[in-house]
Participant: 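What follows is a single structure, and I will ask about it in a moment.
None of these values were measured; they are calculated from a predicted model. Computed from heavy atoms alone, side chains included, the values below leave out hydrogens, waters and symmetry copies.
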Amino acid sequence: QVQLVESGGGLVQAGGSLRLSCEASGRTFSNYAMAWFRQAPGKEREFVAAVNWSGYTTYYADSVKGRFTISRDNAKNTVYLQMNSLKSEDTAVYYCAARSEMPPRADFGSWGLGTQVTVSS
């Protein structure tokens, strides 16, 4: 298992920006696809964005396309989520997750504890 620690959450006004970071340790970071999920109060956890091991392939939920950007720096064992044009509905706890690509695994087996993002309208 890889250990994950998120940071960068906080309170921001609607229309503003935040950048979340997730630092990994314990395993070879470049063996993992990385993703961000979020969970709002009273709602189920939902997928936000993902990036493959190399950083060249990314995926986004429709709700964040064009506003959020996922990226990674394998030299720093860190994945980022740049969030722009934030909306009140983006308010949630954001979780970082890792899925092994070498060897390949179907599920995200490692999760961080989350970081709170609150967008005020």
Participant: For Glu101 versus Trp53, what's the shortest heavy-atom pair and its separation?
Facilitator: OE1-N, 2.7 Å

Participant: Determine, using the 4.5 Å side-chain heavy-atom cutoff (strictly less than), whether Tyr60 and Leu18 are members of one ILVMFWY cluster.
Facilitator: yes

Participant: Indicate the atoms forming the closest heavy-atom contact of Val93 with Gly114, along with that distance.
Facilitator: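 What the structure gives for the nearest pair is CG1-CA, 3.9 Å.
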
Participant: Would you check if the side chain of Asp107 reaches a backbone N or O of Gly109 as a donor-acceptor pair within less than 3.5 Å?
Facilitator: no

Participant: Return the CZ to CD distance between Arg38 and Glu46, rounded to the nearest 0.5 Å.
Facilitator: 4.5 Å

Participant: With a 4.0 Å cut-off on N to O distance, would you call Lys65 and Asp62 a salt bridge?
Facilitator: yes

Participant: List the atom of Phe108, the atom of Ala33, and the distance in Å for their closest heavy-atom pair.
Facilitator: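 Result for this residue pair: CE2-O, 4.1 Å.
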
Participant: Using modelled atom types and a 3.5 Å cut-off, is there a donor and acceptor pairing between side-chain atoms of Arg19 and backbone atoms of Gly8?
Facilitator: no

Participant: Give me the atom names and distance for the closest heavy-atom approach of Leu20 to Trp36.
Facilitator: CB-CH2, 3.7 Å

Participant: Can you hop from Tyr80 to Val48 via hydrophobic side chains spaced under 4.5 Å?
Facilitator: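 Hydrophobic grouping puts Tyr80 apart from Val48.
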
Participant: Within this structure, what is the CD-OH distance for the pair Gln39 and Tyr95, rounded to the nearest 0.5 Å?
Facilitator: 5.5 Å

Participant: With side chains defined as the heavy atoms from C-beta onward, is the minimum distance between Phe68 and Leu86 less than 4.5 Å?
Facilitator: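 Yes, close enough: below the 4.5 Å cut-off.
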
Participant: Does the plane of the ring in Trp111 sit parallel, tilted or perpendicular to the ring in Phe37? Use 30° and 60° as the thresholds.
Facilitator: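 Ring orientation of Trp111 relative to Phe37: tilted.
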
Participant: Closest heavy-atom contact between Met34 and Cys22?
Facilitator: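 That closest heavy-atom pairing would be CE-SG, 4.4 Å.
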
Participant: Answer yes or no: is there a donor N or O on one side and an acceptor on the other, between the side chain of Arg72 and the main chain of Asn52, under 3.5 Å?
Facilitator: yes

Participant: Please find the pair of heavy atoms, one from Ser121 and one from Ser88, that lie closest to each other, and give the distance.
Facilitator: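 The pair with the smallest heavy-atom distance is CB-CB, 4.4 Å.
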
Participant: Between the main-chain N or O of Ser85 and the side-chain N or O of Arg67, is there a donor-acceptor pair closer than 3.5 Å?
Facilitator: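 Looks like yes, one N/O pair under 3.5 Å.
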
Participant: Less than 4.5 Å apart, side chain to side chain, heavy atoms only: is that true for Asp90 and Met83?
Facilitator: no

Participant: Examine distances only and state if a side-chain atom of Glu23 and a backbone atom of Asn77 form a donor-acceptor pair shorter than 3.5 Å.
Facilitator: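 A pair under 3.5 Å: no.
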
Participant: CD/Gln82 to CD1/Ile70 distance, rounded to the nearest 0.5 angstrom?
Facilitator: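 Answer for the CD-CD1 pair, Gln82 versus Ile70, is 12.0 Å.
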
Participant: Who pairs with Thr118 by side chain to side chain contact (heavy atoms under 4.5 Å, CB included), at least two apart in sequence or on another chain?
Facilitator: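 So Thr118 forms a side chain to side chain contact (heavy atoms under 4.5 Å, CB included) with Leu11, Thr91, Gln116.
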
